[in-house]
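Working notes for the structure below.
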Amino acid sequence: MAHGHTNDEIAGRLYVTLSTVKTHLANVQRKLVARNRVEIAAWAWRNDVCSPG
């Protein structure tokens, strides 16, 4: 997600359902108190969970 992948792409790469991806992203968003996917990605970059690009 932090690299710009859609929910469908994430589901395909991880071999899970779209519903599972949406549930996990919603939980991450709630736990980080993030307003959207961009804030989740920014958090991931700031905390060295992944690197941009």
Side-chain angles (χ1 to χ4, degrees):
M1 195 247 4
H3 289 119
H5 298 294
T6 66
N7 290 352
D8 284 327
E9 291 170 334
I10 294 168
R13 288 173 181 246
L14 297 177
Y15 304 102
V16 298
T17 66
L18 180 58
S19 178
T20 299
V21 172
K22 289 179 179 181
T23 298
H24 284 298
L25 287 176
N27 288 335
V28 169
Q29 187 172 347
R30 179 180 48 80
K31 289 177 181 184
L32 294 178
V33 192
R35 291 179 294 196
N36 52 42
R37 296 169 70 96
V38 174
E39 287 187 2
I40 295 170
W43 181 91
W45 298 332
R46 281 193 310 269
N47 291 281
D48 294 323
V49 174
C50 68
S51 58

Pairs under 3.5 angstrom only: tabulate donor-acceptor contacts from the side chains of residues 10-19 to other protein residues two or more places apart or in another chain.
from  : atom 1 : to    : atom 2 : distance (Å)
Thr17 : OG1    : Thr20 : N      : 3.1
Thr17 : OG1    : Thr20 : OG1    : 2.9

| field | Straight-line distance of Ile40 CD1 to Met1 CE, nearest 0.5 Å | value | 4.5 Å
| note | Separation between NZ (Lys22) and CD (Gln29), nearest 0.5 Å, reads 13.0 Å
| message | For Val38, is there any backbone N or O sitting under 3.5 Å from a side-chain donor or acceptor partner on Asn36? | response | yes
| task | Output all residues satisfying salt bridge (charged side-chain N to carboxylate O under 4.0 Å, His left out) with Glu39, sequence neighbours left out; order by chain, then residue number. | result | Arg35
| query | When clusters are formed by joining ILVMFWY residues with side-chain heavy atoms under 4.5 Å apart, either directly or through shared neighbours, do Val28 and Val49 land in the same one? | reply | yes
